[in-house]
Amino acid sequence: MPKVAIYPGSFDPVTNGHIDIVERGLKLFDKLIVSILYNPSKDYLFTLEERVEMLKDSMKKMKNIEIDSFDGLLVDYAASRKAQAILRGLRAMSDFEYEFQMALMNRRLNREVQTVFLMTGLRWIFTSSSIIKEAVQFGGNIEGMVPPLAQKKLMEKFGIAPGPGQSGKN
Ligand code: PNS
């Protein structure tokens with residue numbers, strides 16, 4: 001049976017830290033389903049369609065990847081997709097409590113689905129979608145932290161014109 005994992009998240013937007021986890025996850029699993037949570041009660045910067053577009057663009061050269069979205073319980077979605085595992089990235093210790101709580105709850109809800117954590121590469125330890133959104137809205141240069149389409153769309157969203165070293169084409 002092929003080993004399939006769900007890599008779930010908000011991806012608002014995708015960062016290079018996410019890409020790092022996907023690339024390494026593909027070495028462990030036969031297929032990864034990168035799936036965007038659709039939660040209508042949460043405020044996102046990007047629409048679901050925009051988040052799908054940025055993910056698809058950033059992973060267009062990768063094999064054994066599917067981009068999807070889900071709502072409701074993650075473990076129910078994983079079972080419906082016949083995935084045996086949930087893949088999550090861990091950055092600093094600050095991620096640990098939330099991730100531990102979520103993994104234990106998911107395990108209680110469905111013992112057949114295993115959560116697998118990968119430590120984020122050192123380069124991405126402080127990279128998060130939220131901190132990137134904060135930096136870019138005040139004109140900070142986020143080149144190299146997000147894939148090119150995400151950089152372009154972030155700059156457009158906040159009305160930032162490309163400056164030196166901030167081409168939107170990294
Ligand atoms: O990128 P994020 O925002 O850290 O991802 C969080 C996500 C989508 C993995 C989490 O919020 C989630 O799985 N939500 C779906 C509801 C669910 O199953 N929650 C966990 C058990 S209650």
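Atoms within each ligand, like the ligands themselves, are counted from 1 in listed order.
For Arg24, the side-chain hydrogen bond (donor to acceptor under 3.5 Å, both in side chains) partners are Asp20, not counting sequence neighbours. Applying the side-chain hydrogen bond (donor to acceptor under 3.5 Å, both in side chains) test to Asp95 and every residue at least two apart in sequence or in another chain returns Arg91. Here Phe138 pairs with Glu134 under the side-chain contact (heavy atoms from CB on, under 4.5 Å) rule; sequence neighbours left out.
Contact of the Lys157 side chain with the Phe46 side chain is registered, since non-hydrogen atoms from C-beta on lie closer than 4.5 Å.
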Just list the N/O pairs, ligand 1 to protein, that are under 3.5 Å apart, with the distance for each.
| residue | atom | partner | partner atom | Å |
| --- | --- | --- | --- | --- |
| ligand 1 | 1 (O) | Ser10 | N | 3.0 |
| ligand 1 | 3 (O) | Ser10 | OG | 2.6 |
| ligand 1 | 4 (O) | Arg88 | NH2 | 3.0 |
| ligand 1 | 5 (O) | Arg88 | NH1 | 3.4 |
| ligand 1 | 18 (O) | Leu74 | N | 2.8 |

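Taking the six-membered ring where tryptophan is involved, the planes of Phe100 and Phe96 are essentially parallel, since the angle between them stays under 30° and well short of 60°. Note: Tyr77 and Phe70 have parallel aromatic rings, judged against thresholds of 30 and 60 degrees for the angle between ring planes.
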